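Bear in mind that the values here come from a model prediction, so they are computed numbers and not experimental data.
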Amino acid sequence: MKKYTLLFILLSSLLPSVTAQEVPIDNLKFIYYPHPLIRKWTTSVGIIATTMPYEITEELHYRIPAIDVYTVHRITDHFSIDARGSIQGVQNIFTIGPKWNVKLTDRVAGSLGYDVGYWFGFINAEGFKTTGHGWQNFPNLSLGYRFNKAILLTFRAESIITLNIKAIADQTPITHNYSRLSGSSYTITLEQPFYGNKSLTLGFSAIYSKFFWQTWSAFTNFDRDFFYPQLIVGLIL
């Protein structure tokens with residue numbers, strides 16, 4: 001947890017300085033900030049890294065990085081479609097869903113969304129093949145604040161709803177006992193102009209869940225929430 005906090009502060013210090021003058025929202029690129037979209041398409045490419053808890057990995061305490069591609073498409077002034085993929089190869093998830101964005105004041109914006117996610121993964125070690133896939137839904141609420149210096153701060157809260165889990169180990173189905181309402185996630189992000197016409201996103205997620213899709217291969221059946229800290233770094237193109 002401390003390492004994530006220090007890294008977040010270090011990356012924040014690398015952001016280029018901007019003037020104290022007011023920057024029009026039309027001149028800013030953002031993907032998490034819940035203001036009604038200005039551009040037809042906005043895409044971010046980056047990396048997310050999730051730390052696994054000791055209770056699941058036992059003596060090992062490792063972080064799982066994944067390529068993160070996030071795209072939002074403007075439909076109307078207040079309505080958009082979000083699509084996201086976290087790709088690792090062994091474990092992957094794709095989500096898509098509608099979002100309603102509203103400007104509350106000159107500096108505050110909010111949104112309501114509902115993402116549908118499909119995760120899948122496979123492991124082939126020493127001839128032992130294991131595959132898994134499932135569906136999860138993520139209803140979410142975001143609240144954002146815009147500072148004078150073109151910095152956009154966003155807080156997002158979402159529920160994690162597990163619809164099904166299917167895993168097969170060497171042609172043998174694995175039974176999972178899971179709660180439909182698996183947990184919740186809380187994310188805070190900072191977005192700011194970077195070099196050229198790009199913008200940089202730095203974020204941190206605190207995930208509390210009985211089932212996290214990246215742990216499907218551990219075949220765990222715990223009936224309590226575990227904490228999964230997640231670091232987010234993205235470049236808005």
Side-chain angles (χ1 to χ4, degrees), residues 8 12 15 18 21-48 67-86 93-118 135-161 163 181 183-194 196-208 230-237:
F8 186 84
S12 299
L15 289 171
V18 293
Q21 297 178 351
E22 184 75 16
V23 178
I25 190 67
D26 292 1
N27 295 342
L28 298 178
K29 285 185 176 182
F30 51 87
I31 203 159
Y32 286 91
Y33 188 62
H35 188 279
L37 296 179
I38 309 300
R39 295 170 173 80
K40 195 71 173 178
W41 292 91
T42 304
T43 300
S44 171
V45 177
I47 295 176
I48 60 172
I67 298 175
D68 186 49
V69 181
Y70 193 173
T71 298
V72 294
H73 176 50
R74 179 180 179 273
I75 304 298
T76 67
D77 288 344
H78 296 283
F79 183 70
S80 64
I81 296 293
D82 287 23
R84 189 172 189 176
S86 295
I93 189 171
F94 294 93
T95 63
I96 189 169
K99 188 165 68 175
W100 182 72
N101 310 280
V102 60
K103 176 182 176 182
L104 301 175
T105 70
D106 287 342
R107 297 193 179 278
V108 180
S111 71
L112 290 172
Y114 196 97
D115 294 336
V116 176
Y118 175 74
W135 293 89
Q136 286 187 309
N137 288 355
F138 306 92
N140 55 82
L141 168 68
S142 295
L143 187 65
Y145 182 81
R146 179 168 66 94
F147 293 91
N148 282 347
K149 297 183 179 181
I151 299 175
L152 305 176
L153 173 67
T154 302
F155 174 77
R156 169 174 167 143
E158 64 183 9
S159 295
I160 302 174
I161 301 173
L163 300 181
L181 184 57
S184 57
S185 175
Y186 307 92
T187 301
I188 185 169
T189 59
L190 289 172
E191 296 171 284
Q192 179 179 327
F194 199 50
N197 62 346
K198 308 294 191 300
S199 291
L200 183 66
T201 298
L202 300 174
F204 179 81
S205 290
I207 303 170
Y208 299 89
Q230 189 175 85
L231 180 68
I232 304 167
V233 180
L235 185 66
I236 304 176
L237 306 178

So do the side chains of [X] and [Y] get within less than 4.5 Å of each other, counting heavy atoms only?
X      : Y      : answer
Thr95  : Phe138 : yes
Thr187 : Ser185 : yes
Val72  : Ile81  : no
Val116 : Asn137 : yes
Leu202 : Val233 : yes
Gln136 : Ile161 : no
Ser86  : Ile48  : yes

Could you tell me which residues satisfy ring pair (Phe, Tyr, Trp, His ring centres under 6.0 Å) with [X], sequence neighbours excluded, listed by chain and number?
X      : answer
Tyr70  : Tyr32
Tyr114 : none
Phe79  : none

To check you understand the geometry: which heavy-atom pair defines the closest contact between [X] and [Y], and what is its length?
X      : Y      : answer
Leu231 : Gly203 : CD1-O, 3.5 Å
Gln192 : Ile151 : OE1-CG1, 3.2 Å
Phe30  : Tyr33  : CD1-O, 3.4 Å

Any residue meeting side-chain contact (heavy atoms from CB on, under 4.5 Å) with [X], in chain and number order, not counting sequence neighbours:
X      : answer
Asn27  : Val23, Pro24
Leu112 : Leu141
Leu143 : Leu104, Val108
Ala83  : Ile96

Do the side chain of Thr105 and the main chain of Arg107 share a donor and acceptor less than 3.5 angstrom apart?
->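 Flag set: sc Thr105 to bb Arg107 pair under 3.5 Å.
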Donor-acceptor under 3.5 Å (Lys29 side chain, Leu237 main chain) =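 It does hold such a pair.
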Residue list, side-chain hydrogen bond (donor to acceptor under 3.5 Å, both in side chains) with [X], at least two apart or on another chain:
X      : value
Arg156 : Asp115, Glu158
Tyr118 : none
Ser184 : Tyr186

Side-chain donor-acceptor contacts of residues 34-44 below 3.5 Å, not counting sequence neighbours, with atom names and distances?
from: Arg39; atom 1: NH1; to: Leu28; atom 2: O; distance (Å): 2.9
from: Thr43; atom 1: OG1; to: Thr71; atom 2: OG1; distance (Å): 3.3

Could you tell me whether Ile67 atom CD1 has more than 12 heavy atoms of other residues or ligands within 6.0 Å of it?
->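 No - once you tally the heavy atoms of other residues, nucleotides and ligands closer than 6.0 Å, there are 12 at most.
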Distance (rounded to the nearest 0.5 Å) between [X] [atom1] and [Y] [atom2]:
X      : Y      : atom1 : atom2 : value
Leu163 : Trp135 : CG    : CH2   : 9.0 Å
Leu152 : Arg146 : CG    : CZ    : 7.5 Å
Leu181 : Ser159 : CG    : OG    : 6.0 Å

Give the C-alpha distance, both sets of side-chain angles, the deciding distance and a yes or no for side chain to side chain contact (heavy atoms under 4.5 Å, CB included) between Leu235 and Val45.
-> CA-CA 5 Å; Leu235 185 66; Val45 177; 5.7 Å; no
Qualifying salt bridge (charged side-chain N to carboxylate O under 4.0 Å, His left out) pairs with a residue from residues 67-84, counting only residues at least two apart or across chains |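 For residues 67-84, and leaving out neighbouring residues, the salt bridge (charged side-chain N to carboxylate O under 4.0 Å, His left out) pairs sorted by first residue read Asp68-Arg84, Arg74-Asp77, Asp82-Lys99.
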Verdict with reasoning, Ile236 to Glu191, per side chain to side chain contact (heavy atoms under 4.5 Å, CB included) = CA-CA 9 Å; Ile236 304 176; Glu191 296 171 284; 3.4 Å; yes
